[in-house]
Q: 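One structure, pasted below without further comment.
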Protein chains: 2
Amino acid sequence: MLYSFEGVIVVAGAREDLMAAGLAVFDRDGFEGATVAAIRARARASNGSFFHFFGSKKKLAGALFLEVLQRYHAAVLAAIDTPCGAREGIDRLIRAHLDWVVNNRREARYLFEISRSEWSEEVRDAQRAQNSRLGEGVERWRAPLIVSGELLPMTPVLFFSQIIGPAQIFCRAWLSGRDRSDPRLQADILIACAIRALVAPQSVADTGGTP
Amino acid sequence: MLYSFEGVIVVAGAREDLMAAGLAVFDRDGFEGATVAAIRARARASNGSFFHFFGSKKKLAGALFLEVLQRYHAAVLAAIDTPCGAREGIDRLIRAHLDWVVNNRREARYLFEISRSEWSEEVRDAQRAQNSRLGEGVERWRAPLIVSGELLPMTPVLFFSQIIGPAQIFCRAWLSGRDRSDPRLQADILIACAIRALVAPQSVADTGGTP
DNA sequence: CAATACTCTAGAGTAATACTCTAGAGCAAC
DNA sequence: GTTGCTCTAGAGTATTACTCTAGAGTATTG
């Protein structure tokens with residue numbers, strides 16, 4: 001079913017309702033606690049509909065995972081779609097990650113906490129494809145900066161691990177409720193550490209680091 | 001039941017058998033796929049025994065989580081129990097983490113992949129207590145190095161996020177099977193990045209970095 | 001229009017499984 | 001011997017993921 005809402009084309013229908021309901025129920029009850037009945041009820045869909053669109057609870061979870069992953073990647077890529085230097089890009093990437101997690105808590109909780117890695121091959125392949133597309137996007141921004149000597153040379157995964165890894169420690173603590181303080185409060189210091197780890201020394205001196 | 005095996009006192013019995021069986025079955029089938037029947041069968045314990053010791057499947061999982069967490073923390077703390085400088089300590093901490101994950105794949109998979117944060121308050125409190133004990137241990141090593149100016153001053157959690165965060169990206173990819181290559185291959189470069197992020201600049205020059 | 005095929009809805013029924021309950025064996029204390 | 005406690009045993013129950021059959025709605029084709 002297609003209709004427009006406030007000028008934007010919106011896709012709705014039982015399938016989309018079920019996925020939205022799934023996200024909500026997974027967030028409230030966790031993966032184990034979430035029952036198909038609860039998801040069906042929230043989406044006002046019959047049992048037949050549920051198993052027509054998704055063959056199982058796990059397949060719904062897999063479809064949801066890929067959709068949320070896509071939205072997350074889009075948010076990260078959007079941070080560096082306009083050209084910028086090494087420090088500026090690192091700043092934007094880390095802030096994009098923190099912002100997305102805080103502004104999309106439900107989705108982030110699902111992506112990083114609730115969803116398990118017991119996906120089917122199909123889902124895993126799609127995940128790999130998504131990951132490499134994200135990698136390519138980041139590389140388009142990063143490669144020239146390695147050539148110009150602003151960024152230290154390293155593998156794409158290692159670079160990403162330095163950007164996202166430390167931030168994720170705070171995000172996971174916040175998402176699980178273990179820590180109440182907004183992870184964005186750590187943005188400045190996380191960025192400073194990442195710049196020291198990733199930006200070439202002379203470049204640090206050039207642009208003038210914090211005194 | 002207590003008996004000694006090769007000179008070491010070993011505790012065994014239905015409770016321990018069930019926990020070991022739980023770890024094995026969770027590793028093989030994931031949390032969802034693991035059935036109480038499978039765990040019981042592997043431990044050769046009756047249904048009554050299972051629910052006598054652990055009131056539910058989740059409580060077994062919680063007990064297992066705390067036990068594995070304790071072993072992991074012990075391994076990390078052991079890395080810095082003998083005095084050492086900033087660079088040496090960072091090196092040891094990162095290697096200890098990577099080594100533990102690779103040498104205890106089952107436990108690591110359980111800790112970082114399978115077990116989720118849907119624990120009871122009791123388990124979460126115990127987790128917090130464990131975490132702060134780890135934090136204290138790390139601080140005993142770190143505090144003097146901040147005073148002496150070798151390490152940059154920052155909060156304990158931020159420091160830990162820089163040590164563990166990037167390494168975890170590789171460990172999770174390896175644990176999930178997404179990436180086959182041994183995460184320990186990244187040790188040197190992860191350590192180099194962490195040193196740039198955490199060690200005071202003059203100290204970097206002093207000790208002579210890799211050319 | 002009629003016939004057909006296809007998508008989706010509906011809900012009763014089934015099999016699996018986490019958990020409960022009652023009974024009792026083994027053992028220690030007194 | 002009796003009592004009390006810990007642990008074992010397994011039959012029974014309630015929940016829940018999933019299957020199956022039937023049919024309504026809708027597009028397609030002759």
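Here is the naming used below: chain letters follow the sequence lines, and residue numbers restart at 1 for every chain.
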Q: Between atom CZ in Arg44(B) and atom C1' in dA9(D), what is the gap in whole Å?
A: 17 Å

Q: Applying salt bridge (charged side-chain N to carboxylate O under 4.0 Å, His left out), can you list everything that pairs with Arg109(A), at least two apart in sequence or on another chain?
A: Asp27(A), Glu113(A)

Q: Checking Trp119(B) now: which residues fulfil ring pair (Phe, Tyr, Trp, His ring centres under 6.0 Å) with it, not counting sequence neighbours?
A: Phe65(B)

Q: Specify the separation, in whole Å, of atom CG of Asp29(A) and atom P of dA17(D).
A: 11 Å

Q: Mind calculating the distance between CG (Leu18(A)) and P (dC8(C)) to the nearest angstrom?
A: 12 Å

Q: I need the CZ-P distance between Arg15(B) and dT8(D), as an integer number of Å.
A: 12 Å

Q: Considering just the side-chain nitrogens and oxygens of Ser46(B), establish if one lies under 4.0 Å of OP1 or OP2 belonging to dT8(D).
A: no

Q: With sequence neighbours left out, what residues match Phe170(A) under ring pair (Phe, Tyr, Trp, His ring centres under 6.0 Å)?
A: none

Q: The criterion is ring pair (Phe, Tyr, Trp, His ring centres under 6.0 Å); which residues satisfy it with Phe31(A), sequence neighbours excluded?
A: Phe26(A)

Q: Could you go through nucleotides 16-19 of chain C and list every protein N or O atom that sits under 3.5 Å from one of its N or O atoms, giving the distance for each pair?
A:
unit_1  : atom_1 : unit_2   : atom_2 : d
dA18(C) : OP2    : Val36(B) : N      : 2.6
dC19(C) : OP2    : Lys57(B) : N      : 2.8
dC19(C) : N4     : Asn47(B) : ND2    : 3.2

Q: Can you see whether Trp174(B) has Arg105(B) sitting over its ring - NZ or CZ less than 6.0 Å from the centre and within 45° of the normal?
A: yes

Q: Would you tell me if any nitrogen or oxygen in the side chain of His52(B) comes within less than 4.0 Å of OP1 or OP2 on dT8(D)?
A: no

Q: For Tyr72(B), enumerate each residue passing the ring pair (Phe, Tyr, Trp, His ring centres under 6.0 Å) test, keeping only those at least two apart in sequence or located in another chain.
A: His97(B), Trp100(B), Phe112(B)

Q: Round to the nearest Å and state the distance from Arg40(A) atom CZ to dA12(C) atom C1'.
A: 12 Å

